[in-house]
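Quick note: numbers below take in every heavy atom, side chains included, and nothing from hydrogens, waters or symmetry partners.
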Amino acid sequence: MKKIILSLLSIALFSAYSFGQTADEIIEKNTKAMGGIEKLKSINSVVMEGKVNAQGMEIPIKMIIVKNIGSKVEFSVMGMNAWTIMRPDSGWMFMPFQGQTKPEAMPADAIKEGTDMLDLEGELVNYKEKGHSIEYLGMDDVEGTECHKLKIITKNGNVHYELIDPKSFLTVRKIAINKSGGKEMEIQTDLSNYKEVEGGFMFPFTVSSMGGPMEMTKILINSPVDNSAFRPTN
C-alpha cells in the first residue's frame, strides 16, 4: 500500500510540474537548445542533401530554402528528375514519373500550408510578433517518452503541433493538420539524430514521415543561393 501511495504521489507531482510549465518557458528552452534566438534569427538560407528510403528505393534529395523568399525540393525517381517550388504567393511542381510533361501550379491550399516553412527561424521564435498563437497542451507520449506538446495556429490559419523532449528540449515530433478536398489529414514527422552544424546550429539529420525515413548527409547554413532557383523551368 505504501508503494502504491508513493507512486500515486509521484504521478501527481509530475503532473503538477508539467502543467505548471507555460508555452513561453518551453519555447525559451527549445530556442536555447537549437542554438539561441540570435543564431536562429541569423539564418538566411539552408541547403540540405540526403536520401529517402521509400518502397525499397533509395531516392537522392536536395532541399534549398531562402528565408521568406522560396524553397525548392529536388529528387530523382526511376531516372527522372522531379521538383517542387514554393514561394510566398505561388508554387509549382514537376513530377514526370506521374506523367507530367510540364510544371503545374500547386493548389491554393498547398501554398497556404507550405509557406510557413519559409520562416527559417521557426514558428516558435517571436511567435506573437508574427501573429501566431501557441497553447501548451501538457504532456503526450512519443515512443515511450512523455513530451511537452504545443499547439500552434499560424497567422495563415495553419494548425501544427510540436512535441518537445523534456530533457533535451529539442523538437522530436511535428504534426501538421493538412486540408485537401475539404478533408483534414494529420501529417506526422519525427525528428531525431540531432547534430551541431557549422555555426553552432542544431539540426535533425533523420526525418521520418509517411513517405519514408530521410537521412541527411549535408546541411549548409547561409551558403549563397541564387533566387532564380525558385523559378519554374521545364
Side-chain angles (χ1 to χ4, degrees), residues 30-88 91-97 103 113-125 160 162-165 168-174 176 187-233:
N30 172 260
T31 301
K32 184 177 180 180
M34 291 293 292
I37 189 168
E38 295 306 319
K39 282 187 179 294
L40 293 177
K41 289 172 68 175
S42 74
I43 300 177
N44 292 311
S45 71
V46 176
V47 177
M48 297 179 280
E49 295 181 13
K51 56 187 179 181
V52 177
N53 292 302
Q55 298 179 348
M57 295 186 295
E58 188 174 277
I59 302 170
I61 187 168
K62 181 177 182 179
M63 290 177 282
I64 305 169
I65 308 172
V66 175
K67 184 177 180 179
N68 298 328
I69 298 294
S71 68
K72 185 174 186 178
V73 180
E74 302 171 295
F75 54 99
S76 179
V77 177
M78 297 181 290
M80 292 178 279
N81 296 325
W83 51 261
T84 63
I85 289 176
M86 186 73 65
R87 300 199 314 208
W92 299 268
M93 58 183 174
F94 180 54
M95 307 287 174
F97 55 88
E113 292 167 357
T115 51
D116 286 335
M117 72 178 292
L118 300 181
D119 180 5
L120 291 177
E121 300 171 6
E123 296 165 350
L124 304 186
V125 174
H160 307 280
E162 287 206 19
L163 289 110
I164 297 172
D165 182 87
S168 67
F169 279 92
L170 295 169
T171 300
V172 294
R173 176 171 289 172
K174 292 188 177 185
I187 305 296
Q188 177 179 297
T189 304
D190 288 341
L191 313 171
S192 60
N193 192 22
Y194 276 86
K195 297 179 183 178
E196 184 174 316
V197 300
E198 186 176 358
F201 304 94
M202 293 294 290
F203 273 81
F205 274 68
T206 301
V207 180
S208 301
S209 65
M210 60 188 297
M214 177 166 57
E215 299 290 341
M216 300 298 179
T217 55
K218 182 189 296 184
I219 297 179
L220 301 176
I221 307 298
N222 292 338
S223 59
V225 175
D226 191 331
N227 288 348
S228 64
F230 310 122
R231 297 173 189 160
T233 56

Can you check whether N30 reaches L124 side chain to side chain, under 4.5 Å on heavy atoms?
yes
Shortest non-hydrogen contact from P204 toward M216:
O-CG, 4.1 Å
Per the salt bridge (charged side-chain N to carboxylate O under 4.0 Å, His left out) rule, what does the pair list look like for residues 63-87, sequence neighbours excluded?
K67-E121, K72-E74
Let me see the working for D190 and V172 under side-chain contact (heavy atoms from CB on, under 4.5 Å), right down to the final yes or no.
CA-CA 6 Å; D190 288 341; V172 294; over 6 Å; no
How long is the gap from CD1 on I69 to CD1 on I64, to the nearest 0.5 Å?
14.0 Å
State the CE-OG distance between M57 and S76, to the nearest 0.5 angstrom.
10.0 Å
Distance from S45 atom OG to I65 atom CD1, nearest 0.5 Å?
9.5 Å
Are any non-hydrogen side-chain atoms of V46 and L120 less than 4.5 angstrom apart?
yes
Taking atom CD1 of I219 and atom CD of E196, what is their separation to the nearest 0.5 Å?
12.0 Å
Going by heavy atoms in the side chains, are M86 and S71 under 4.5 Å from each other?
yes
Mind listing the closest non-hydrogen atom pair of S168 and A33 along with its distance?
O-CB, 3.4 Å
Student check: side-chain heavy atoms of V66 and F230 closer than 4.5 Å:
yes
Close side-chain approach of T171 and L163, heavy atoms under 4.5 Å:
no
Which atoms form the tightest heavy-atom contact between F201 and S42, and what is the distance?
CZ-OG, 3.8 Å
Minimum-distance pair of heavy atoms, taken over all atoms of A176 and H160:
CB-ND1, 3.6 Å
Within a strict 4.5 Å, meaning less than it, do heavy atoms of the V47 and V225 side chains meet?
yes
Restricting to side chain to side chain contact (heavy atoms under 4.5 Å, CB included), what partner residues turn up for P88, sequence neighbours left out?
L118
Does the side-chain contact (heavy atoms from CB on, under 4.5 Å) test come out yes or no for I61 and E49, once each step is laid out?
CA-CA 6 Å; I61 187 168; E49 295 181 13; over 6 Å; no
Rounded to the nearest 0.5 Å, how far does CG of D165 lie from OH of Y194?
9.5 Å
Is any side-chain heavy atom of V52 closer than 4.5 Å to one of F75?
no
side-chain contact (heavy atoms from CB on, under 4.5 Å) between K51 and I59, worked out:
CA-CA 5 Å; K51 56 187 179 181; I59 302 170; over 6 Å; no
Nearest heavy-atom contact between L170 and M34 is CD2-SD, 3.7 Å
I need the N81 CG to M95 CE distance, nearest 0.5 Å.
12.0 Å
Are R173 and L191 side-chain neighbours, meaning at least one heavy-atom pair lies under 4.5 Å?
no
If you look only at pairs with a residue in residues 215-230, which of them pass as a side chain to side chain donor-acceptor pair (under 3.5 Å), with sequence neighbours excluded?
T206-E215, D226-S228
Backbone of G199 reached by a side-chain donor or acceptor of K39 within 3.5 Å:
yes
